[in-house]
J.: 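Following this message is one structure expressed as C-alpha cells.
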Amino acid sequence: MSERIVVIGSCNTDMVINTERLPRPGETIIGGNFFMNAGGKGANQAVAAARLGGNVCFVAKVGNDHFGSHSIEQYKAEGIDVEQISIENELPSGVALIMVDNKGENCISVASGANSLLAPKDIDKAEGMITHGDIVLMQLETPIETVEYAARIANGKGKKVILNPAPALPLPDALFEELYMIIANETEAEFFSGVKITDMDSVCRAADIISNKGVDNVVITLGSKGAFVKENGAYHKVPSIKVKAVDATAAGDTFCGAVCVALAEKKDILEAVEFANRCAAVTVTRMGAQSSLPYREEVEKDFFVEQHK
Ligand code: RIB
C-alpha cells in the first residue's frame, strides 16, 4: 500500500454560472447555465488524491446543515477517511460563488463559514492521524494559525509537509521552514517572491527567493506553459499538455493531489510533476471542481496519450 496522505483544509459547495465573459465591477450580465458542485480547495485535493489511488484522510470542518452532511457522505463514497471532519453548530458550511467564462477562466469568491473555525485544537484531535500519515497537504482557505500549527506538528514528526498557498496571503517566514514542498501558481509565486514572472529567468529568480525562505522544493505551475521545479538547487521545466480548456476550476487542486499520490508511491519529484500535469490537463477539459477530477485509469500514460493525440 502507498504512503498515507493527510489533507487538512476547506470544503465548500460551489455555485457556478457559465458566462460569455466575466462581468466588470458594477456590471450585471446575463449568464448561461447554473450548477451546484462539491468544491473547496482542501476537499478537491483530498478527492483528487483518492480518485488517483491515494490512501487519504481529510481533516476539515463543516456546518451542521445539508451541505455539510452531504459533503461528508461524498468523501466517504470516495474512500476518504472522514474521522477527523467535525461538524460545527456556530457557522454554516463553506460556499463558493464561481463564474466561468467561455475561455475557461474563472473568478471565485468564498464564504468560508465553518472552514474559518478549523482551529489548532482540531489538529490536536487529529494528531494520531498525522502520526500515522506520511505526507501532509494544506492550503490557505482555513485559518493561518491552524496551518502553521499543523505544519509545525507534522514536520516535527518527520512528515513531508506540502503547502499550496492558495489563496495567497502574507505568511510568516517560520512556516516556510516547516515545508518539504510548496506548490504555487504563477500569481502566488509572484506574490511570495515579488518577482513578475515573464520568462524562465524570472521564474528561476522567483523560485530562488521562495526557496531561500527555507522550503526545500519549489513547484510553480504555469498553466498552459507547463510547470517549473526547483529541487535540491536544480531547475527543471516540465512541459504542458495541450488540451482544449473549458474550465480551469480545481486544476491546481488536482495537481497538488496528484503530486502527493505520486510521492506516496515513491516516485521522484519530476515524475510526480509530470504525472500531475497530465491529471490537471484532464480536469480543465471538464466543468466544475469535484465533477472534473480524473480517476487513475484516465491518466495512465498510454491511455492518456491515446485519448489526447
Ligand atoms: O480551487 C477551486 C476551489 O476554490 C473551488 O472549488 C472553490 O470552492 C474554492 O475553494
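Counting starts at 1 for both ligands and their atoms, following the listed order. Owing to the predicted nature of the structure, the values given are computational and were not obtained by experimental measurement.
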J.: Considering distance alone, does some N or O of Ser10 sit under 3.5 Å from an N or O of ligand 1?
T.: no
J.: Would you say ligand 1 has an N or O under 3.5 Å from any N or O of Val110?
T.: no
J.: Numbering the atoms of ligand 1 from 1, which are under 4.0 Å from a heavy atom of Ala289?
T.: 6 (O)
J.: Does the side chain of Ile210 reach to within under 4.5 Å of the side chain of Phe176, using non-hydrogen atoms?
T.: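 Sidechains of Phe176 and Ile210: in contact.
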J.: Could you pull out all residues at least two apart from Glu90 that satisfy side chain to side chain contact (heavy atoms under 4.5 Å, CB included)?
T.: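 Counting only residues at least two positions away or on another chain, Glu90 forms a side chain to side chain contact (heavy atoms under 4.5 Å, CB included) with Glu88, Leu117.
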J.: Is the backbone of Ile98 close enough, under 3.5 Å, to the side chain of Asn106 for a donor and an acceptor to pair up by distance?
T.: no
J.: Going by the order shown, which atoms of ligand 1 are within less than 4.0 Å of some heavy atom of Gly40?
T.: 5 (C), 6 (O), 7 (C), 8 (O), 10 (O)
J.: Under a 3.5 Å cutoff, is there a donor and acceptor pairing between the side chains of Asn55 and Glu3?
T.: no
J.: Does any N/O atom on Asn44 come nearer than 3.5 Å to any N/O atom on ligand 1?
T.: yes
J.: I'd like to know if the side chain of Asn18 pairs up with that of Asn33 as donor and acceptor (distance under 3.5 Å, no hydrogens or angles considered).
T.: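 Not at all, the side chains of Asn18 and Asn33 share no donor-acceptor pair under 3.5 Å.
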J.: So is Gly252 close enough to ligand 1, meaning a heavy atom under 4.0 angstrom away?
T.: no
J.: Under a 4.0 Å N-O cut-off, is there an ion pair linking Glu105 with Lys103?
T.: no
J.: Quick one: nearest non-hydrogen protein atom to atom 7 (C) of ligand 1, plus distance?
T.: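 Nearest protein contact, heavy atoms only, for atom 7 (C) of ligand 1 is Asp14 OD1, 3.3 Å.
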J.: Ignoring hydrogens and geometry beyond distance, is a side-chain donor-acceptor pair present between Asp208 and Tyr235 at under 3.5 Å?
T.: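 Their side chains do contain a donor-acceptor pair, which is all the 3.5 Å distance test asks for.
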J.: Measure the distance from atom 2 (C) of ligand 1 to every protein heavy atom, then report the residue, atom name and distance (to 0.1 Å) of the closest one.
T.: Asp253 OD2, 3.3 Å
J.: Taking only heavy atoms of Glu141, which atoms of ligand 1 are found under 4.0 Å from at least one of them?
T.: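 In order of number, 4 (O), 9 (C), 10 (O).
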J.: Only heavy atoms of Ala96, strictly under 4.0 Å: list the atoms of ligand 1 that pass.
T.: 7 (C), 8 (O)
J.: Which residue owns the protein heavy atom closest to atom 4 (O) of ligand 1, what's the atom, and how far is it?
T.: Lys41 NZ, 3.2 Å
J.: Is a donor from one side chain sitting under 3.5 angstrom from an acceptor on the other, for Lys157 and Thr131?
T.: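 Yes, side-chain donor-acceptor contact under 3.5 Å.
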J.: With a cut-off of 4.0 Å, which atoms of ligand 1 are near a heavy atom of Gly39?
T.: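 Every atom of ligand 1 under 4.0 Å from some heavy atom of Gly39: 6 (O), 8 (O).
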